[in-house]
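Residue numbers start at 1 and run along the sequence shown.
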Amino acid sequence: MFKKSVTMLSSTALAATLLVTAPTASFGVEKTAESTDVTSAPVHAIEAPNTFLSCETVGTSAPASISLGSNLGPGISESIDPSTLKIINHSRETAGKQKLPTSVAAMRYMDSGEILTLDKRGRVIEKLASGADAPVAGISGIGVAQPAALLHPEVKRIIGACLGFGGAGGMGFEALVRYLTTPANAIKFVIRRIGIAGAISCVGGVIWLYI
């Protein structure tokens, strides 16, 4: 009888312990994607996986990712064929930028926000864009949420045109806009997800005004 009482007491205590420590939505332990704290979320919470996505807003297909330039650090590389290079150079000319050389075989989009052009052997030809704007990383590191009054309308336009208004990578649209903060960060984020030709198709040569 004494052993039975002890067993029942232990079972009751264990159940109570599990009830107290188990994470439940009612106690606010678990966070949904929409409740992500943009002031402390690491970029991998919103960053695209190491593959490109299609751009549903304009109907461009996802470019294939390649291994060229993988030795340069974390990021993703896109093959640049002559037709894609023609699209890039036309948009750069429109924006008053110099054409890229015909030796460009790929572009490497680094997790840091840098964009590099590579030749067919994977050697860096040129750095087209530096790392993410400081102090807001947005591409790699920690984002800093901005008050609604400070949200840049161009960031909204870029994200909406390229990725739609439903958000991306577990963040709602407004949270993502707050996280990226600047047009330069928004452009780099979009290119990292849908490739350079997809980004040009969405917003045109304006991308070269910010990177």
Practice item. Under the side-chain contact (heavy atoms from CB on, under 4.5 Å) rule, what do V155 and Y179 come out as? Steps first, then yes or no, please. Key: CA-CA 10 Å; V155 177; Y179 192 91; over 6 Å; no
**Study point:** Derivation and outcome, side-chain contact (heavy atoms from CB on, under 4.5 Å), residues E114 and L72
**Key:** CA-CA 11 Å; E114 292 181 335; L72 299 174; over 6 Å; no
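Of all non-hydrogen atoms in A129 and K188, the two that sit nearest each other are CB-CE, 3.9 Å. Shown here for I194 and A199, the closest heavy-atom pair between the two residues is CD1-N, 3.7 Å. Here the closest non-hydrogen pair linking F52 and A62 is O-CB, 3.5 Å. The shortest heavy-atom contact between K97 and I211 is NZ-O, 4.2 Å.
Between the CZ atom in R157 and the SG atom in C202 there is a gap of 10.5 Å [rounded to 0.5 Å]. To the nearest 0.5 Å, atom CG of residue N89 and atom OG1 of residue T94 are 10.5 Å apart. Note that CG of L176 and NZ of K156 are 12.5 Å apart. Values are rounded to the nearest 0.5 Å. Atom OG1 of residue T51 and atom CG of residue L53 lie 7.0 Å apart, to the nearest 0.5 angstrom. With rounding to the nearest 0.5 Å, the separation of CD1 in I159 from CD in E154 is 11.0 Å. The distance from atom CD1 of I191 to atom CD1 of I115, rounded to the nearest 0.5 Å, is 4.0 Å.
A donor-acceptor distance shorter than 3.5 angstrom exists from the side chain of T117 to the backbone of E126, with no hydrogens or angles considered. Side chain of S77 to backbone of L68: a donor-acceptor contact under 3.5 angstrom is found. The backbone N or O of I196 sits less than 3.5 Å from a side-chain atom of E78, completing a donor-acceptor pair. For the pair K99 (side chain) and L85 (backbone), a donor-acceptor distance under 3.5 Å is absent.
Within the 4.5 Å cutoff, the side chain of D111 has heavy atoms near those of the R192 side chain. In this structure the side chain of I88 reaches within 4.5 angstrom of the side chain of W208, judged on heavy atoms. Between I187 and V203 there is a side-chain heavy-atom pair separated by less than 4.5 Å. N185 places none of its side-chain heavy atoms less than 4.5 Å from the side chain of F189. At least one side-chain heavy atom of S70 sits under 4.5 Å from a side-chain heavy atom of R108. Annotation: side chain of I158 is not in contact with side chain of L180 (no heavy-atom distance under 4.5 Å).
Just one of I125, L118, L116, I80 meets the side-chain contact (heavy atoms from CB on, under 4.5 Å) condition when paired with M107; it is I80.
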